[in-house]
Amino acid sequence: MNTKLWLQKGLDKGLTDVEIYASVNDSVKVVVYDGKVEENTVSNVSSVSIRGIYNGKIGKVKFEHVSDEQVDKMLDQLIDNAKAITVDEPAIIYEGSETYPEVKPNDFDFSSVPMKRKVDDLKLLEKTIKDNEQVSAVQSTVYQENNAEAILTNTKGLHLERKNRFAYAYSIGVFGDEEDKATAMEFDVFKTYDTFDPQAFGEKIIDKGLKKLGGRSIETKAYPVVFSNETFSSLLGVFSSLFSQESALRNLTPFKDKIGTSIFQKDINIIDHPLHESAYFQYPFDDEGVACEKKHIVENGVFKGFVNDLKTATMFNQKPTGNSFNGGISMTNIYLEPTDVSFDDMIASIDDGVYITSLVGLHAGVKQVSGEFSLQASGFKIKDGQLDHAVKMIVVSGNFFEALNQVKGIANDLKFSISGTGSPSVYIESLSISGESK
């Protein structure tokens with residue numbers, strides 16, 4: 001693609017500044033079911049987004065199937081889009097940050113691994129799970145690899161590139177029988193193929209599934225509740241948009257006038273860290289070319305400020321935070337800071353509590369602005385400081401903001417999801433659990 005030609009075409013058409021964001025994503029997906037390859041798909045998706053300023057308004061277009069002829073048409077469409085804008089808001093093409101963090105790209109070539117090995121490993125993963133006598137079925141066994149590249153260039157002289165290669169695998173096992181059935185799923189992301197151990201991965205799924213058998217409901221009442229790192233990460237992800245300047249602009253966050261004030265208890269630290277080494281992906285710059293950096297959203301319980309893009313940063317006279325991704329403002333590797341306390345030590349003082357390992361209905365059962373949530377859940381009973389029997393058919397209810405003011409413990413088991421949200425396990429003093437009636 002001749003981006004220099006495209007930029008010049010935009011200027012020739014009367015645009016004062018032009019920016020091109022081009023991305024290419026190559027992927028391979030293999031699905032094994034019942035010992036046979038059910039799917040083997042190779043895909044190549046390329047797209048181009050162009051932003052340009054015309055008469056002080058910024059127009060945008062996005063398209064696939066890149067060609068010089070198509071770019072010419074899309075620039076005309078961009079100008080028409082800019083002419084149609086009537087709202088008075090900043091129109092900015094960024095000249096670049098002073099410096100950019102150095103991120104070492106993962107250069108492992110997954111295509112160098114023979115397809116036969118990938119298929120054999122998937123079959124071994126499925127077989128490992130199916131061979132357990134408590135397993136009634138394996139629903140899906142999937143492997144996918146991705147090679148993503150992006151280029152950002154504009155007429156102000158900015159030119160940036162980033163690359164990311166990774167693969168992942170997952171499988172879902174069904175355990176038990178009709179009277180006592182449980183499903184277990186694990187998701188494994190890896191940046192070099194040799195770190196993928198299908199047999200060990202399968203055994204992890206088996207262990208997770210067997211522990212769920214024998215699950216039963218519990219008495220309805222308020223309990224001390226411990227969320228696993230995965231479930232609390234999911235909750236944090238649902239509420240993360242409340243820390244966006246766009247939410248403040250639209251009055252969709254309770255934190256609009258809370259900058260510099262305490263919103264949670266003092267040991268709560270929520271951080272957005274696009275470069276965190278434990279996260280699956282690291283980002284040196286956002287989609288507008290702003291350098292990414294570590295920043296506290298909440299520090300010692302105090303709200304430090306919203307994340308933004310160039311438009312909202314200008315509107316509120318703030319420094320851009322480098323959080324413009326996928327056409328909006330979003331976090332990259334937001335997490336609750338862990339402590340040095342082990343999980344076992346954290347729950348040792350709980351005589352009668354609940355450890356939640358699964359949540360269902362995270363969007364339908366959550367009211368973002370108010371913080372209220374009511375979610376189907378499952379996990380384990382905590383008895384005398386230890387995990388006891390499996391628990392299912394319960395609903396956990398409460399208020400997320402109030403919960404962050406009732407934190408009794410934060411563990412050291414920080415874990416990131418592939419979506420870029422992370423958390424350790426978190427002990428909440430009391431939440432309502434609906435289960436069996438007395």
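Note that this is a predicted model, so its numbers are computed, not measured.
Between the side chains of D413 and S425, at least one donor-acceptor pair of N or O atoms lies under 3.5 Å. No side-chain donor-acceptor contact under 3.5 Å links D309 and N323. If you check the side chains of S423 and S233, you find no donor sitting under 3.5 Å from an acceptor. Donor-acceptor pairing under 3.5 Å is recorded for the side chains of S397 and S374. Counting only N and O atoms by type, the side chains of E299 and N269 include no donor and acceptor under 3.5 Å apart. No side-chain donor-acceptor contact under 3.5 Å links E288 and Y94.
Between R250 and E246 a salt bridge is recorded (basic side-chain N to carboxylate O distance below 4.0 Å). Ion pairing between R162 and E149 fails under the 4.0 Å rule for side-chain N and carboxylate O. Salt bridge K163/D26: absent, no basic N to carboxylate O contact under 4.0 Å. Using a 4.0 Å cut-off between charged side-chain N and carboxylate O, D34 and K130 make a salt bridge.
Between E19 and the choices N154, T155, T153, the side chain to side chain donor-acceptor pair (under 3.5 Å) rule is met once, by N154. Screening I418, N333, N164 for a side-chain contact (heavy atoms from CB on, under 4.5 Å) involving Y280 leaves a single residue, I418. For the side-chain contact (heavy atoms from CB on, under 4.5 Å) test with I334, the passing option among I271, T421, V307 is T421; the others fail.
Between F190 and F196, the two ring planes are parallel [angle under 30°; tilted spans 30° to 60°]. Between F243 and F303, the ring planes are tilted. Angles from 30° to 60° get that label.
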Output, in order, the C-alpha distance, side-chain angles, deciding distance and verdict of salt bridge (charged side-chain N to carboxylate O under 4.0 Å, His left out) for E145 and R165.
CA-CA 8 Å; E145 60 193 40; R165 289 181 176 178; over 6 Å; no
Which is it for D72 and K13 under the salt bridge (charged side-chain N to carboxylate O under 4.0 Å, His left out) test, yes or no, and what are the steps along the way?
CA-CA 10 Å; D72 200 57; K13 288 177 179 289; 3.5 Å; yes
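For the pair R51 and Y21, the cation does not sit on the ring face, since its NZ or CZ is not both under 6.0 Å from the ring centre and inside 45° of the axis.
Inter-residue side-chain proximity for V48 and V71 is flagged as unmet; no heavy-atom pair is nearer than 4.5 Å.
Residue-environment remark: NZ (K204) stays at or below the threshold of 12 foreign heavy atoms within 6.0 Å.
The stretch residues 410-429 participates, sequence neighbours left out, in these ring-ring contact (aromatic ring centres under 6.0 Å, His included) pairs: H276-F416, Y335-F416.
In this structure, N106 contributes its side chain and K191 its backbone to a donor-acceptor pair below 3.5 Å.
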